[in-house]
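Comments concern the structure below.
Values below: all heavy atoms of this structure, side chains included; hydrogens, waters and symmetry mates excluded. Since we're looking at a predicted model, the values are computed, not measured.
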Amino acid sequence: MRKKDELDNPELLKWPEKGGDPCGPPSWNHIYSENSRVTQIQAQGMGLKGTLPQNLNKLSMLKNIGLQRNQLSGKLPSFSGLSNLRYAYLDYNNFDSIPSDFLDGLDNLEVLALDANNFNASTGWSFPKALENSAQLTNLSCMNCNLIGPLPDFLGSMPSLTNLMLSGNRLSGEIQGTFNGSALQTLWLNNQLHGGMTGPIDVVATMESLTVLWLHGNHFTGTIPERIGKLTLLKDLNLNSNKLVGLIPISLANMRLQNLDLNNNHLMGPIPMFKASKVTFASNKFCQATQGLLCSPEVMALIEFLGVVNYPSKLVSSWSGNEPCNWLGIRCNSGKVSVINLPHYNLSGCLSPSVAKLDSLSQIRLQSNNLSGPIPNNWTSLKSLETLDLSGNNISGPLPKFSRTVKLVVTGNPLLNGDKTDHTKGANIPPESSDSPPNIPTTSSQDSDPGSPATNSSLKSTKTKGFKRNTFVLIMAPVASFALVAFLVIPLSIYFYKKRKDSNLSSTSLVIPPRDPSDPDNMVKVVVAANNTNGNTSTLTGSGSASRNSSSIGESHVIEAGNLVISVQVLRNVTKNFAAQKELGRGGFGVVYKGELDDGTQIAVKRMEAGVITNKALDEFQAEIAVLSKVRHPIWYLFWVIPLKAMREFLFMNICLKVLLASIFSIGRA
C-alpha cells in the first residue's frame with residue numbers, strides 16, 4: 001500500500017517511512033489484518049487530505065473500511081469485486097465522482113454510508129442496479145450525495161434493508177409501490193431539492209415497522225392516510241412543508257408520538273386533540289385556531305365536496321377559516337351558502353353527497369370540468385335548488401328525478417344518451433347557455449372565470465347556437481305533435497266506431513237491484529237518458545210523482561232503487577245477445593229473455609225498445625216496478641237494467657237465485 005503519491009498529509013497516519021508489509025511486523029496504525037491479509041482500514045476523523053488509490057479493490061479480503069469525516073477528494077475508487085466487504089463508511093468527505101461499477105459484486109455488503117459527497121456535481125447520479133444484489137444490506141445512507149431521479153424501486157423490495165436515509169438530494173417522483181409493506185424502520189426522504197418528491201404518501205402507512213419517518217421539505221400531496229394509525233412503533237413523524245390537504249385523521253391524533261410536525265401544509269377542518277408529546281401544526285387551513293373546536297356544518301360539507309374533487313390547489317389555497325361566504329366560488333344569502341359557482345376549474349373526481357347538507361343552495365354551477373360518476377340521489381332533497389348545471393363533464397346515469405322547478409343542464413356528457421339529447425329539465429324556464437355565469441351579485445373579482453374576453457366570445461357563440469336550436473324546436477314540436485295525434489286518433493276512432501256499430505246497447509249500462517222493500521226509504525232508481533236535444537229530465541219515484549227539469553244530459557227518467565252494478569255487456573253474453581232461443585215470453589213493453597250468470601244465478605231480462613217509451617209507458621212501468629218490489633220471497637231478488645247513454649231501450653231484469661223466474665214474468669206484464 002503506497003501513501004505518499006495519493007495523500008497530502010500521510011504523516012497523520014504515522015506509517016513507516018520505508019513502507020513494508022502493513023500486516024507487520026510491526027503492524028501499521030489503522031490497519032487490521034487476518035492471516036496476513038488486510039481486513040480493515042480505520043482512519044476516520046483524522047483530517048486526511050488527498051485521494052485514495054484507484055487499486056483499492058486489490059485488497060480482496062477487505063471487510064471494513066472506515067474513512068468517514070476526512071477531507072479526501074477526487075474520484076472514489078471502484079470497490080468492484082470486494083465480495084467480502086461488509087461495512088463501507090466513506091461519508092463526509094469531498095469525493096467528486098463515483099465510478100459506475102463501484103457497487104458491482106458487493107454481495108455481503110451490510111452498511112454503506114456515502115453522505116455529504118457531491119458526486120457528479122453537474123449531472124448527478126443514481127444507485128446502480130447492481131446494488132440490488134447486496135441482499136444483506138441493512139443500512140443505506142446517502143444524504144446530500146447528489147442523487148437524482150426517482151427513488152429506485154428495488155430499494156423497496158430489499159429484504160434486509162431497515163434504515164434508508166436519502167435526505168437532501170434531488171430525488172423526484174412518488175414513493176414507489178414496491179415499498180408497500182416494507183420492513184424499513186427508518187426512512188428519511190426529507191428536503192429534496194429542485195421541487196422534491198411528489199404524489200401521495202399512502203404507501204408509508206403500510207410500513208408497520210417504521211419508528212422514524214421524515215418526509216418534510218417536499219411536495220407530497222393528497223391526504224394523510226387514515227391507516228397511519230396502524231404504525232404503532234412510530235415515534236417521530238415529520239410532514240412539515242409539503243402540500244398535504246384534507247382533514248387530520250383521528251387515528252393520527254390518537255398516536256402517542258414523541259414528535260409530530262405538521263407545519264406548513266394545507267390541512268383543513270378542525271384541529272383535533274393530539275396525544276403526541278410534542279406537536280406543531282402552524283400555517284395550515286384549519287377552521288379554528290384551537291384544538292378541539294369544531295367547524296360549522298357548512299364548512300365540513302364543503303370540505304367533503306372538495307375532497308371528492310381531489311382538492312384542487314386553487315380552491316384549497318382560498319378555502320380556510322370557518323366562514324365559507326368569503327371563499328372562492330361560494331356565495332351566500334343571509335349567511336347561508338346559496339351558490340356554488342365553479343365552472344372551468346379543472347375539477348376532477350365525482351360529486352359528493354355532502355352537498356345535500358347545504359340546504360339553502362339555489363344554484364350549483366359546475367359546468368366545463370372533468371367530473372364523472374352519477375349525480376347523488378340525495379341532491380333531490382335540496383328544496384331551494386333552482387339551477388344545476390353539469391354540462392361539459394363526464395357525468396353518467398341514471399339521472400335522479402328532480403323537482404320540475406329545477407333547471408337541470410347536463411348537455412355535453414358523453415355517457416348520457418351518447419351526447420345527442422339536450423337533458424334540460426324544469427318548468428317554464430327560458431333557455432340559457434350552460435356556460436353563462438349565474439345572475440347573482442358578486443363581491444370579489446377573484447370569482448370571475450379566467451380569460452374574460454374569450455369567455456364572452458364563447459357565450460355569444462353559445463347563445464346564438466342555442467337560439468337557432470330553440471327556434472327549430474319551436475317549429476318542429478307542433479308539427480310532430482299533430483302527426484303523432486293523427487297517427488293515434490284516426491285508427492282508434494275507426495276501431496271504436498266499428499265496435500259501437502256492432503253493439504246495440506251501451507257497455508256502460510247498469511243493473512241495480514233493490515234492497516229490502518220493507519224499508520220505506522228504499523226506492524228503486526232508474527235513470528234513462530234519451531240523448532235528445534230538448535234538454536228535459538224526468539224523475540219518477542216509487543209513489544208515482546214526477547217532475548221535469550232542464551239538464552244538459554238529455555231526457556232522463558229516475559226511479560229510486562238499490563245498488564248492485566252489472567254491465568249490460570254481461571246481460572248480452574248470458575242471453576247470447578238476446579237470441580231467440582233464450583226467449584221466455586213477450587209483453588206490452590218488450591221481450592223477456594232467460595240467462596245464467598257465472599256464479600250459477602239464473603236471471604230473466606226484459607228488453608224494451610226506445611220507441612215504446614212514452615210518459616204514459618213510464619208511469620205503467622213504474623207501477624210494475626212498485627208491485628214487483630213489494631213481492632217478498634226467499635228465493636229471488638229483483639233487478640232492473642239501466643242504460644246510461646244512447647238510450648234506445650230500457651232493460652228490466654228479474655234475477656232468481658235458484659229457479660228460473662219465467663213464471664213470475666208470465667204473471668206480470670211480461
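Counting only residues at least two apart or on different chains, the disulfide (SG to SG under 2.5 Å) pairs with a member in residues 101-211 are Cys142-Cys145.
The ring-ring contact (aromatic ring centres under 6.0 Å, His included) test applied to Phe220 returns no partner, not counting sequence neighbours. By the side chain to side chain donor-acceptor pair (under 3.5 Å) test, Thr211 is found to be paired with no residue, residues two or more places apart in sequence or in another chain being considered. In this view, Asp101 and Ser78, Ser80, Pro99, Asp104 satisfy the side-chain contact (heavy atoms from CB on, under 4.5 Å) rule, not counting sequence neighbours. Partners of Asn120 according to the side-chain contact (heavy atoms from CB on, under 4.5 Å) rule, which considers only residues two or more places apart in sequence or in another chain, are Ser97, Ile98, Thr123, Trp125. Residues passing the disulfide (SG to SG under 2.5 Å) test with Cys350, sequence neighbours excluded: none. Scored by the side-chain contact (heavy atoms from CB on, under 4.5 Å) test, Ser83 finds no partners at all (sequence neighbours excluded). Legend: residues meeting side chain to side chain donor-acceptor pair (under 3.5 Å) with Thr39, ordered by chain and number and at least two apart, are absent. Checked against side chain to side chain donor-acceptor pair (under 3.5 Å), Asn190 has the following partners two or more places apart in sequence or in another chain: Ser167, His216. Annotation: side-chain contact (heavy atoms from CB on, under 4.5 Å) contacts of Gln136 (sequence neighbours excluded): Glu110. In this structure Cys287 satisfies the disulfide (SG to SG under 2.5 Å) test together with Cys295, sequence neighbours excluded.
Between the side chains of Arg37 and Ser60, at least one donor-acceptor pair of N or O atoms lies under 3.5 Å. Side-chain contact check for Asn93 and Asn117: no donor-acceptor pair (N or O, by modelled atom type) lies under 3.5 Å. A donor-acceptor contact closer than 3.5 angstrom links the side chains of Asn139 and Asn163. Using a 3.5 Å distance cut-off with no hydrogens or angles, the side chains of Gln42 and Asn64 do pair a donor with an acceptor.
Salt bridge absent: Lys49 and Glu6 never bring a charged side-chain N and a carboxylate O closer than 4.0 Å.
Tested against Trp214, the residues Asp261, Asn238, Asp236 include a single side chain to side chain donor-acceptor pair (under 3.5 Å) partner, Asp236.
In this pair, Phe274 and Phe281 present their aromatic rings parallel. The plane angle is below 30°, not in the 30 to 60° band.
Checking side-chain atoms of Thr290 against main-chain N and O of Leu293 turns up no donor-acceptor pair under 3.5 Å.
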Just distance, no hydrogens or angles: give the donor-acceptor pairs under 3.5 Å from side chains in residues 303-311, sequence neighbours left out.
residue	atom	partner	partner atom	Å
Glu304	OE2	Lys357	NZ	3.4
Asn310	ND2	Ser348	OG	3.0

